[in-house]
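The structure under discussion appears below in the form of structure tokens.
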Amino acid sequence: MGKNEQLAKALRDIGFLTEVEDAENAQFKSKAYYRAADSVENLSADVADIYKKGGVAALLEIPGIGKAIGEKIVEFINKGAIHHLEELKKQIPVDVDQMSSIEGIGPKTVKAIYKKLGVTDLASLESAAKEGRLKTVPGISAKKEQDILKKIEFAKKSGGRRIIGEVWPLAKGIESRLQELDGVLSAALVGSARRMKETVGDLDFLVAAKDAGSVMDFFTKMQEVEEVKGRGPAKAFVRLEGGIDADVLVVPEESWGSALLYFTGSKDHNVELRKVAIDKKLRLNEWGLFEAGTEKMVAGRTEEQVYRALGLQWIPPEMRENTGEIQLAAKNRIPGLVEYGSLKGDLQVHSNSTDGTATIEEMARAAKEFGLDYIALTDHTKSLAMAGGLDGGELLEQAHEIAELNDRLDGFRVLASAEVNIMKDGSLDIPNNVLDKLDIVGAAIHSNFNLPKEEQTARLAKAAENPSVDIIFHPTGRLINRREGYPVDIERLVQVARDTGTVLEIDAHYNRLDLKDEYVRLAVENGVKLVIDSDAHHPVHFAFLQFGIGQARRGWAKPSDVLNTLSADRLLKAIK
Ligand code: DGT
Ligand code: CA
Ligand code: CA
Ligand code: ZN
């Protein structure tokens with residue numbers, strides 16, 4: 001975590017504990033902390049630098065930061081801790097991270113179970129639930145107790161794997177500092193992160209350099225290092241702040257390609273490649289590709305050379321899971337995958353008319369800055385009261401506002417759209433005659449997650465069959481490591497999407513990434529069209545698109561499978 005993220009986390013912890021404490025005006029105060037945390041997290045400059053340059057006055061110019069919070073930020077910058085937070089933690093010694101990792105346990109519940117049962121973390125929560133004590137707390141039914149147990153099981157299964165987007169800035173930051181280090185010829189983030197897996201167990205870095213010692217010194221002394229777990233002449237193993245482990249290996253230049261191949265994995269891909277090597281009387285390891293029984297090196301400097309010497313086409317890292325890609329490469333039939341940076345538009349973008357944080361114009365300008373040509377403005381609809389959803393009249397008013405905005409925007413277009421709420425029975429909360437006046441329509445489920453699979457699938461199918469619905473947004477509703485998603489028969493949904501010409505979305509938000517890779521592949525194999533959307537609620541969120549593209553590539557999607565690689569005009573012709 002960078003400084004801004006650490007501060008944002010501290011502010012969020014204060015917000016959470018303030019709600020748990022439930023003192024006067026707790027709701028109001030905690031909201032202010034959450035808002036300040038969002039602001040800090042989305043700053044483009046380091047908060048300590050802002051303070052150094054402009055003092056408290058500069059901090060107070062950050063939206064959502066007033067005098068009281070400003071003072072706490074100064075404390076954090078100067079002392080690395082906030083006294084008020086330490087006090088709150090003493091009073092309410094619950095593990096905020098653990099307790100808030102279980103969906104459906106809010107501050108009120110945390111308070112009740114702490115006061116009555118002394119529950120402070122997942123372990124004590126689990127025993128309370130298993131022993132049936134949880135349901136003795138007012139407001140917790142026997143069903144909720146079972147539900148919480150299931151969620152704890154799910155959290156345990158994730159086994160400490162980290163969501164890729166959460167560790168990405170840290171990982172890419174280290175990668176670029178390694179690349180710039182004196183004496184380094186090449187450096188790369190490898191392992192599952194290079195394969196863009198939705199979660200990563202640890203971070204792996206590979207470096208080609210003549211002098212491994214100086215790389216070891218740098219790596220083990222980086223500011224993010226919390227503990228050096230091991231250090232050899234060319235290998236080191238550390239724990240970084242935020243609790244993720246990282247490895248580094250330094251190799252000579254002539255082994256760069258084979259080591260890159262080895263440490264990118266996956267392990268199953270490597271094992272299969274070694275078999276290919278053996279069949280060709282070759283031996284493959286991280287140091288190179290050699291003639292069997294001799295030390296004669298056949299290839300190793302680049303990945304392409306190693307693959308070629310094995311009789312294979314180069315394989316994109318996202319495909320290296322040994323699910324058929326090696327056979328394709330042998331036949332020279334690796335598809336051209338959708339490329340990073342190739343999206344022309346983003347079809348799920350929110351504004352502050354509902355739960356977004358910026359105006360339509362601010363989102364449009366940010367998208368343009370990011371390099372897009374168009375966005376679809378998809379605010380929530382009326383039955384999502386929590387987000388202040390819009391009704392039909394308000395949507396049409398917004399469409400009018402968008403038309404005016406488009407006149408002012410040069411070389412950029414906002415499409416009038418909505419994220420229409422799918423009701424329990426599969427109907428929509430906005431009539432078709434309103435939807436048909438919008439440029440494009442996405443529909444999504446935001447409630448009744450616990451319907452049986454049949455019913456949930458029928459609900460989605462009914463929405464897809466609606467002639468006004470172009471896209472099904474985030475089709476499984478999962479939150480990685482937090483919520484399993486509603487049960488849905490994906491094969492059936494893919495068939496319905498194909499039969500009705502409905503598009504399925506890959507929600508690029510790194511917490512969601514549904515469709516996940518294997519479902520993307522199923523959609524692609526069945527000729528169902530996809531879109532990749534950021535689900536942006538803030539101008540900086542367009543950067544999420546890369547994670548959606550990563551999943552699309554893991555599902556072998558080509559540009560022709562992804563409709564927002566098209567211009568706005570061609571996209572609008574391609575939808576139903
Ligand atoms: P992770 O960290 O669990 O998300 O997954 P990876 O793929 O990053 O795995 P990791 O960090 O254990 O190792 C990095 C790469 O090193 C892995 O993708 C392939 C290679 N590797 C590790 N252990 C073995 C092994 O026992 N055999 C082979 N062939 N390759 C291995
Ligand atoms: Ca790894
Ligand atoms: Ca590793
Ligand atoms: Zn949504």
Side-chain angles (χ1 to χ4, degrees), residues 156-175 178 186-208 215-216 219-220 222 224-232 234-240 242-251 255-279 282-290 299-300 303 306-307 310 312 314-323 325-326 480-481 510 513 516-518 547 550-551 553-554:
K156 286 207 311 204
K157 258 197 297 182
S158 70
R161 293 185 65 80
R162 303 293 295 274
I163 294 175
I164 188 166
E166 284 179 0
V167 293
W168 192 255
L170 174 70
K172 292 308 265 189
I174 293 175
E175 180 187 50
L178 284 170
S186 312
L189 171 64
V190 290
S192 50
R194 185 169 178 234
R195 304 197 314 277
M196 289 301 258
K197 251 183 98 123
E198 61 189 39
T199 61
V200 298
D202 71 352
L203 299 174
D204 307 282
F205 297 92
L206 180 70
V207 176
V215 178
M216 292 297 109
F219 192 79
T220 53
M222 295 183 298
E224 297 92 340
V225 172
E226 216 158 61
E227 185 192 344
V228 177
K229 295 189 152 186
R231 178 181 165 157
K235 257 187 201 176
F237 180 34
V238 300
R239 165 147 297 199
L240 300 175
I244 186 155
D245 292 334
D247 296 348
V248 71
L249 175 73
V250 183
V251 296
S255 297
W256 169 254
S258 48
L260 192 55
L261 192 51
Y262 182 90
F263 286 105
T264 297
S266 68
K267 191 175 159 192
D268 292 346
H269 180 84
N270 291 352
V271 168
E272 196 60 29
L273 282 187
R274 281 195 192 172
K275 288 188 198 152
V276 176
I278 290 166
D279 285 345
L282 297 167
R283 172 169 45 100
L284 177 64
N285 58 35
E286 55 269 53
W287 307 108
L289 182 65
F290 303 90
E303 281 189 343
V306 176
Y307 277 116
L310 292 170
L312 301 172
W314 180 81
I315 300 174
E318 298 88 341
M319 290 181 74
R320 299 181 194 171
E321 300 290 348
N322 193 30
T323 54
E325 74 281 6
I326 294 173
I480 301 171
N481 284 0
Y510 52 71
L513 295 177
K516 65 177 172 184
D517 46 15
E518 95 188 62
F547 303 112
Q551 287 310 293
R553 291 169 62 87
R554 289 181 58 81

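Atoms within a ligand are numbered from 1 in the order they appear, just like the ligands themselves.
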Starting from [atom], find the nearest protein heavy-atom neighbour and note its residue, name and distance.
{"atom": "atom 14 (C) of ligand 1", "answer": "Phe263 O, 3.7 Å"}
{"atom": "atom 9 (O) of ligand 1", "answer": "Asp204 OD2, 4.7 Å"}
{"atom": "atom 4 (O) of ligand 1", "answer": "Ser192 OG, 2.5 Å"}
{"atom": "atom 11 (O) of ligand 1", "answer": "Asp202 OD1, 2.9 Å"}
{"atom": "atom 17 (C) of ligand 1", "answer": "Gly265 CA, 3.9 Å"}
{"atom": "atom 27 (N) of ligand 1", "answer": "Lys267 CG, 3.7 Å"}
{"atom": "atom 31 (C) of ligand 1", "answer": "Tyr262 OH, 3.5 Å"}

Which of the ligand 1 atoms, numbered from 1, are nearer than 4.0 Å to a heavy atom of [X]:
{"X": "Val200", "answer": "4 (O)"}
{"X": "Arg161", "answer": "1 (P), 3 (O), 4 (O)"}
{"X": "Gly191", "answer": "8 (O)"}
{"X": "Arg195", "answer": "7 (O), 18 (O)"}

Practice problem: Using a 4.0 Å heavy-atom threshold (strictly under), name the region of Lys197 that reaches ligand 1: side chain, backbone, both or neither. | Solution: neither
Exercise. With heavy atoms under 4.0 Å as the rule, classify the contact between Thr264 and ligand 1 as side chain, backbone, both or neither.
Key: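 Within the 4.0 Å criterion, Thr264 contacts ligand 1 through backbone atoms alone.
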Practice problem: Please name the atom of Asp204, restricted to N, O or S, that is closest to the Ca ion (ligand 2). | Solution: OD2
Exercise. Restricting to N/O/S, name the atom of Asp202 that gets closest to the Ca ion (ligand 2).
Key: OD1
Quiz item: Using 4.0 Å as the upper bound for N to carboxylate O, is an ion pair formed by Glu303 and Arg194?
Solution: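 Looking at Arg194 and Glu303, the cut-off is met.
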Self-check item: SB check Glu321 Arg554 (cutoff 4.0 Å)
Solution: yes
Quiz item: Do Trp168 and Phe547 have ring centroids that are under 6.0 Å from one another?
Solution: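 Yes: the rings meet the under 6.0 Å criterion.
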Answer yes or no: does an N/O atom from [X] fall short of 3.5 Å to an N/O atom of ligand 1?
{"X": "Gly201", "answer": "yes"}
{"X": "Thr199", "answer": "no"}
{"X": "Asn270", "answer": "yes"}

Could you tell me which non-hydrogen atom of [X] sits nearest to which non-hydrogen atom of [Y], and how far apart they are?
{"X": "Ala236", "Y": "Met216", "answer": "CB-SD, 3.8 Å"}
{"X": "Val306", "Y": "Leu289", "answer": "O-CD2, 4.1 Å"}
{"X": "Val200", "Y": "Ser192", "answer": "CG1-OG, 3.4 Å"}
{"X": "Tyr510", "Y": "Ile163", "answer": "O-CG2, 3.2 Å"}

Exercise. Just do the side chain to side chain contact (heavy atoms under 4.5 Å, CB included) check on Ile174 and Leu240 with the steps written out, would you?
Key: CA-CA 11 Å; Ile174 293 175; Leu240 300 175; 3.8 Å; yes
Quiz item: Name of the Asp247 N, O or S atom nearest the Ca ion (ligand 3)?
Solution: OD2
Quiz item: What's the spacing between Asp202 CG and Asp247 CG if we round to 0.5 Å?
Solution: 5.0 Å
Quiz item: Do Asp245 and Phe237 have side chains that get closer than 4.5 Å, going by heavy atoms?
Solution: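 Result yes, sub-4.5 Å side-chain heavy-atom pair found.
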Practice problem: Determine yes or no for a side-chain-to-main-chain donor-acceptor pair under 3.5 angstrom, with Arg239 supplying the side chain and Lys229 the backbone. | Solution: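 Pair absent, no side-chain N/O of Arg239 close to backbone of Lys229.
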Quiz item: Between Ser255 (side chain) and Gly288 (backbone), is there a donor-acceptor pair under 3.5 Å?
Solution: no
Quiz item: Heavy atoms of the protein only: does one fall short of 4.0 Å from atom 22 (C) of ligand 1?
Solution: no
